[in-house]
Enquirer: 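Please read through the structure below; I'll follow up with questions.
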2 protein chains.
Amino acid sequence: MGFALLGLLAQEPLSGYDLKLRMERRVGNFWSAGHSQIYPELARLEGEGMVEHRVVEQQDRPDKKVYTITDTGLHELKEWVTAPVEPGVVRDELVLKAYSVWLADPEKAVTLFRDQQRLHKEQLLRYEEIGAWMEEEWGEDLYRLDSPRFAIYATLQRGISYERGYTEWCAWLAYRLESGVRGGGARA
Amino acid sequence: MGFALLGLLAQEPLSGYDLKLRMERRVGNFWSAGHSQIYPELARLEGEGMVEHRVVEQQDRPDKKVYTITDTGLHELKEWVTAPVEPGVVRDELVLKAYSVWLADPEKAVTLFRDQQRLHKEQLLRYEEIGAWMEEEWGEDLYRLDSPRFAIYATLQRGISYERGYTEWCAWLAYRLESGVRGGGARA
DNA sequence: ACCTCCTATGTCACTCTTGACATATGCTTC
DNA sequence: GAAGCATATGTCAAGAGTGACATAGGAGGT
C-alpha cells in the first residue's frame, strides 16, 4: 500500500486529504484505499523516513499537512518498481457467481450479466475519453519514458484493456444464457 | 468466501482437503484460499446449517470429513448467484508499478514487463488448451445452462479473456519502453 | 440560529487473509 | 529404521482493509 502513496507523492507534494481523493477511486485505476488507511500509513512512512510533512495554514478551510517524498523514499520506490512481482491473487465476485450460474434462474442471470456488461462498457467509454483527451493534450509527453504522464497513460491503457475484455465476456455469457433460454436449456 | 466453498459442494461432496486442493490455485481461476481459511469456514457454514459432514474412514490414509451442501445451503447459494454485485476493488501490483515506471531504469522495466508478458502468455495457452479439451470432451454440455460444465467453461472464458488482455498490455508497454530507449527517451 | 456540505485529520472494531506452527497416518525410498 | 512425502485437519498471530465513529473549521443556504 505504501508504494501507492509514494507513487503519488513522487509526482507532487500532497496532503492526506489530497491522497484520499486520488486513492478513493483508484490510482491509475488499479488500487484504492480509504482515508482510514491513508493517515496511519503516512505516519508509518514518515517514521521510516520515506516522507516528510509541513503544516500549511489556510484561511478559508482547516489547516493541512502537506507530505513530500524524501530521497530515501524515492530510492525505495525506484527499487520497488522494477523488482519482481509474485503472481498475486485475483478475486472477482462476478466470476465466482458465474461458477455457480448453472443453479440460477437463467433470466435473472441474464439480467445480472447484461447489467454488468453495461457498467463495464460505461467505464470503458470513460477511460477511452480520458485516453483521447490525454493524447490530444499531452501529445509528445506520452512518448517520454521519464514523464509521469507516460506512466499514467500506461495504467489507463490497462484499464481500457481490462474493461474491454470484461465487457466482451459479459456479453458473451449473457448471449449464451439467452440462447440457452430460447433453445429450451440445450443447444437449439 | 463461503460461497466459493458452497459453489464447489453444490457440484459434489468434498472433504476439507479436497476443497483445499481446488481452492489453493483458484476456483474457476478467480478465487483462492489456503486450508487455514477453509477449515474454519466449513465449521462456520456447518454452524449455519449450510453444509453437513460425515466422517469417512480410510485404510491407507487418515480419515476424512466429507462435506455435503444442505437444502438451506443450496437455496442460499442460488439466491446469491443472481443477487447484484457491488463494484468491487481491483488491486494489481504490476499496474501500480506501471504508475511509477517513469522513475525506473527503462531496461529493467522492459525485463519486468517482458517477463510478465511471457507468464501471462503461458497461462493463456494453458487455459486455451483446457478450453479446447472441454469443447472436445464435454461437447453439448457446454450449451446446457443447468450443467456445471457450462459454468466452469464460462469462468474459463473469463480467464482466457483476462490473460489475453494482460498479455497484450504487457507487450504494448514493453514495446513502448523499448522504442523509447532506442529513441533516446522521447519519440524517435 | 440551524443545517448541510466540503475540507481536513484521526481512531477503533471488525473482518478477511496469509503464513507459520502443530499433529497424525501411512506409504515409499534410501 | 530413518527420512521424506502426500493425505488430512486444525490453531494462532499478524497484517491488510473496511466501515463506522469522532472532531473541527468554514462556507452557503433557509
Side-chain angles (χ1 to χ4, degrees), chain A residues 1-6 8-9 13-27 30-48 51-67 80 85-93 96, chain B residues 1-6 8-9 13-27 30-48 51-67 80 85-93 96:
Chain A
M1 229 295 290
F3 290 111
L5 299 180
L6 290 179
L8 285 161
L9 292 175
L14 295 166
S15 68
Y17 190 74
D18 293 331
L19 287 163
K20 175 209 136 196
L21 293 178
R22 282 162 177 74
M23 294 287 289
E24 199 166 64
R25 224 44 218 163
R26 58 201 71 183
V27 183
F30 282 91
W31 210 266
S32 68
H35 75 282
S36 62
Q37 257 187 292
I38 291 168
Y39 291 114
E41 187 69 14
L42 281 170
R44 192 186 65 82
L45 288 171
E46 188 152 46
E48 290 176 0
V51 300
E52 293 170 342
H53 84 267
R54 59 176 208 286
V55 175
V56 173
E57 289 171 27
Q58 302 182 114
Q59 279 87 45
D60 56 346
R61 49 184 71 176
D63 298 351
K64 62 180 176 181
K65 296 182 182 178
V66 173
Y67 286 84
W80 169 80
V85 288
E86 335 74 87
V89 203
V90 185
R91 277 203 179 83
D92 187 318
E93 198 188 344
L96 193 60
Chain B
M1 228 294 291
F3 290 112
L5 300 181
L6 290 178
L8 285 161
L9 294 176
L14 294 166
S15 70
Y17 189 73
D18 292 331
L19 287 163
K20 175 209 136 193
L21 293 178
R22 283 163 177 73
M23 294 288 290
E24 200 166 63
R25 224 44 218 167
R26 60 203 68 185
V27 184
F30 282 91
W31 210 267
S32 67
H35 76 282
S36 61
Q37 258 188 290
I38 291 168
Y39 291 114
E41 187 69 14
L42 281 170
R44 192 184 67 80
L45 289 171
E46 188 152 44
E48 291 176 359
V51 301
E52 294 170 342
H53 85 270
R54 60 176 208 286
V55 175
V56 174
E57 288 173 27
Q58 302 185 112
Q59 278 88 43
D60 55 344
R61 50 185 69 176
D63 297 349
K64 62 180 175 181
K65 295 182 182 176
V66 173
Y67 287 84
W80 170 80
V85 289
E86 334 76 86
V89 204
V90 186
R91 276 201 180 82
D92 187 318
E93 198 187 344
L96 193 60

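We name chains A, B, ... by the order of the sequence lines, and we start the count at 1 in each one. The figures here come from the full heavy-atom set of this structure, side chains too, leaving out hydrogens, waters and symmetry mates. This structure is a prediction, so every number in the text was calculated from the model and none was measured.
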Enquirer: What is the distance from CD1 of A:Ile38 to P of C:dT9, rounded to the nearest Å?
Expert: 10 Å
Enquirer: For C:dT18, does OP1 or OP2 lie under 4.0 Å from any side-chain N or O of B:Gln37?
Expert: yes
Enquirer: Output the distance between atom CZ (B:Arg54) and atom NZ (B:Lys65), rounded to the nearest 0.5 Å.
Expert: 13.5 Å
Enquirer: How close or far is atom C1' of D:dA16 from atom CD of B:Glu93, stated in whole angstroms?
Expert: 14 Å
Enquirer: Determine yes or no for a side-chain-to-main-chain donor-acceptor pair under 3.5 angstrom, with B:Glu93 supplying the side chain and A:Gly88 the backbone.
Expert: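 Answer holds: no.
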Enquirer: With side chains defined as the heavy atoms from C-beta onward, is the minimum distance between B:Trp31 and B:Met23 less than 4.5 Å?
Expert: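 B:Trp31 reaches B:Met23 side chain to side chain.
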Enquirer: Measure from the side chain of A:Pro40, starting at C-beta and using heavy atoms only, and say which of D:dA8, C:dT11, C:dT17 lies closest.
Expert: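 That would be C:dT11.
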Enquirer: Using atom CD of B:Glu46 as one end and atom C1' of D:dG10 as the other, report the distance to the nearest whole Å.
Expert: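 Atom-to-atom, B:Glu46 to D:dG10, this comes out as 15 Å.
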Enquirer: Rounded to the Å, how far apart are B:His53 NE2 and D:dA8 P?
Expert: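 B:His53 atom NE2 is separated from D:dA8 atom P by 15 Å.
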Enquirer: Decide side chain to side chain contact (heavy atoms under 4.5 Å, CB included) for A:Ser15 and A:Lys20; before the verdict, give the C-alpha distance in whole Å, the side-chain angles of both, and the deciding distance to 0.1 Å.
Expert: CA-CA 9 Å; A:Ser15 68; A:Lys20 175 209 136 196; over 6 Å; no
Enquirer: For B:Glu41 and C:dT15, what is the distance between atoms CD and C1' respectively, to the nearest whole Å?
Expert: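 One finds 11 Å between C1' of C:dT15 and CD of B:Glu41, rounded.
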Enquirer: I need the CZ-P distance between A:Arg44 and C:dT11, as an integer number of Å.
Expert: 15 Å
Enquirer: Can you tell me the distance, in whole Å, between the CZ atom of B:Phe3 and the P atom of C:dT15?
Expert: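 Taking atom P of C:dT15 as the reference, CZ of B:Phe3 is at 16 Å.
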Enquirer: For residues B:Leu19 and B:Leu9, determine if any side-chain heavy atom of one lies less than 4.5 Å from a side-chain heavy atom of the other.
Expert: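 In contact.
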Enquirer: Which part of the nucleic acid, if any, lies within reach of B:Arg91 when heavy atoms closer than 4.0 Å are counted: base, sugar-phosphate only, or nothing?
Expert: sugar-phosphate
Enquirer: Measuring from atom CG of B:Leu45 to atom CE of B:Met1, what distance do you get when rounded to the nearest 0.5 angstrom?
Expert: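 If we round to the nearest 0.5 Å, B:Leu45:CG and B:Met1:CE are 8.0 Å apart.
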Enquirer: Name the orientation class of the two ring planes belonging to A:Trp80 and A:Phe3 (parallel below 30°, tilted from 30 to 60°, perpendicular beyond 60°).
Expert: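 Parallel.
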Enquirer: For A:Leu42 and C:dT9, what is the distance between atoms CG and C1' respectively, to the nearest whole Å?
Expert: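 After rounding, the gap between these two atoms is 11 Å.
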Enquirer: Counting just side-chain N and O atoms, does B:Tyr39 come under 4.0 Å of either OP1 or OP2 of D:dT9?
Expert: yes
Enquirer: How does protein contact run along nucleotides 20-30 of chain D, one letter per nucleotide 5' to 3', with B for base contact, S for sugar-phosphate only, - for none, heavy atoms under 4.0 Å?
Expert: B----BS----
Enquirer: Under 4.0 Å between a side-chain N/O of B:Lys20 and OP1 or OP2 of D:dT7, yes or no?
Expert: no
Enquirer: Give the nucleotide from the list D:dT18, C:dA8, C:dG10 with an atom nearest to the side chain of B:Val89.
Expert: D:dT18
